[in-house]
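Encoded as structure tokens, the structure appears first; notes follow it.
Numbering of ligands and ligand atoms starts at 1, following listing order.
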Amino acid sequence: MKLSLVVPCYNEEKNVPLFYEAVKKDFANVNFEYELVFVNDGSRDGTFRELQRLCDGDLPVKIVNFSRNFGKESAMYAGLKESEGDYVTIIDADLQQRPSIALDMVNMLDSEPEYDCVAAYQDERKESKLLVFFKDGFYKLINKFSDTEFIQGASDFRTFRRPMVEAILQMDEYFRFSKGLFSWVGFNTKFIPYQVEERATGASKWSFWKLFKYAMEGIFAFTTAPLRIATVLGLVTSVLSIIYLFVVVVQKLAFGIDVAGYATIVTLILLLGGIQLSCIGIIGEYIARTYIQTKGRPIYIAKDVIKNHKYGK
Ligand code: UDP
Ligand code: MG
């Protein structure tokens, strides 16, 4: 098997057949074997039924059927795990990423042996100014504090060679921030610009709040810099209070000025209380992740893995 297309699907009943046809059309003239590995991420609509229907077709189709919705990160992990190809492409089911680009990626890997991965990044941003502002900020922040490099606009739409897939699979951490993992494992990645299409049908599952949580996930997974905030804030506060102590003492002894108290004290108590609570919160985020990780729960649970007639018995 030369290529596996890994397709995470969550409530994509209308898109799945369209995707299948699009692949068949774009891959009509290829002279290598390829398979479709669909991961049904606990869809609540008829996605699974549609996927089963595709099994009757003449392409090798595998379905990893999750017991519930585990999220795209888990779906990608499961897809990579079940894939058999020498090359593996991760591609969305909604046709926002054209299958013909996956073919270009394969050709690039064939002709450029120095690369282990071809990743598509979005060059034209159709997002709102506010979202672009937050995303720019996030990438600046995480690149400053993390040793892992994060490329802005880079998507999960990528084609890997098998050794890189195996490296990614070795990282079985529960909190998966794939963009970081893909970069952390190393290897040579070629970035190519691509145009994101409109969704074929349905709506994106991302809201601003979800994106924010995802960004936090990235920060907590790839840097411990926030923990240092507590140390730095503590040192700064100590230095400032020593200076202030001198000021007060000199004012009293040299000039006999009494410092008015109530407002200052209340403000300082509230400020320091706020800072302390935030720092405890940050430590809590790391402890919570450590706690969940130590339980060693699986990244996903599959009810069944179905292979169609093209695989033989
Ligand atoms: N997806 C998934 N599990 C989820 C959410 C999304 O497998 O919990 C899949 C979805 O079916 C699609 C891909 O991940 O194939 C990208 O999702 P979406 O189109 O919502 O994200 P966007 O393209 O807006 O980034
Ligand atoms: Mg999409």
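The nearest N, O or S atom of Asp94 is closer to the Mg ion (ligand 2) than 2.8 Å. At a cut-off of 2.8 Å, Gln96 is counted among the residues with an N, O or S atom near the Mg ion (ligand 2).
With respect to atom 18 (P) of ligand 1, the closest heavy atom belonging to the protein is Arg199 NH2, 3.6 Å. Protein heavy atom in closest approach to atom 6 (C) of ligand 1: Lys205 CD, 3.8 Å. Counting only heavy atoms of the protein, atom 24 (O) of ligand 1 lies nearest to Ser204 OG, 2.6 Å. Remark: minimum distance from atom 23 (O) of ligand 1 to any protein heavy atom is reached at Gln96 OE1, 2.7 Å. Protein heavy atom in closest approach to atom 14 (O) of ligand 1: Lys72 CD, 3.3 Å. Closest to atom 1 (N) of ligand 1, if we only count protein heavy atoms, is Tyr10 CB, 3.7 Å. Shortest contact from atom 22 (P) of ligand 1 to any protein heavy atom: Trp206 CD1, 3.7 Å.
A pairwise comparison of heavy atoms in Tyr20 and Asp58 identifies OH-N, 3.6 Å as the closest pair. In plain terms, the two heavy atoms of Tyr286 and Pro226 that are nearest each other are OH-CD, 3.3 Å.
No option in Tyr87, Phe182, Phe187 other than Phe182 meets the ring-ring contact (aromatic ring centres under 6.0 Å, His included) test with Phe160.
Contacts of Glu12 with ligand 1, taken as heavy-atom pairs under 4.0 Å, involve the side chain alone. At a 4.0 Å heavy-atom cut-off, ligand 1 touches Asp41 through the side chain alone. Only the side chain of Asn69 comes within 4.0 Å of ligand 1, judged by heavy-atom distances.
Cluster annotation: Trp184 is connected to Leu169 through the hydrophobic network of ILVMFWY side chains, with a link wherever side-chain heavy atoms come within less than 4.5 Å.
For the residue pair Ser183 and Glu149, no side-chain donor N or O sits within less than 3.5 Å of a side-chain acceptor on the partner. Checked by atom type, the side-chain pair Asp41/Asn69 shows a donor-acceptor distance below 3.5 Å. Side-chain contact check for Asp304 and Asn65: at least one donor-acceptor pair (N or O, by modelled atom type) lies under 3.5 Å.
Taking distance alone, with nitrogen or oxygen atoms compared against 3.5 Å, Pro8 approaches ligand 1 more closely than that limit.
In this structure, Phe177 and Tyr214 have tilted ring planes: the angle between them lies in the 30° to 60° band. Ring pair Phe212/Trp209 is parallel by interplanar angle, where below 30° counts as parallel and above 60° as perpendicular.
Comparing heavy-atom distances from atom 19 (O) of ligand 1 across Leu211, Asp94, Asn11, Val7 singles out Asp94 as nearest.
In terms of modelled atom types and a separation under 3.5 Å, the side chain of Arg161 and the main chain of Tyr115 share a donor-acceptor contact.
Atoms of ligand 1 lying under 4.0 Å from at least one heavy atom of Ala93, given by number and element, are 15 (O). Close approach of ligand 1 to Asp92 (heavy-atom distance below 4.0 Å) involves ligand atoms 13 (C), 15 (O), 16 (C), 23 (O). In summary, the atoms of ligand 1 found under 4.0 Å from a heavy atom of Cys9, numbered by their order in the structure, are 7 (O), 11 (O).
Ring centroids of Phe157 and Tyr194 are separated by less than 6.0 Å, placing the two rings close together.
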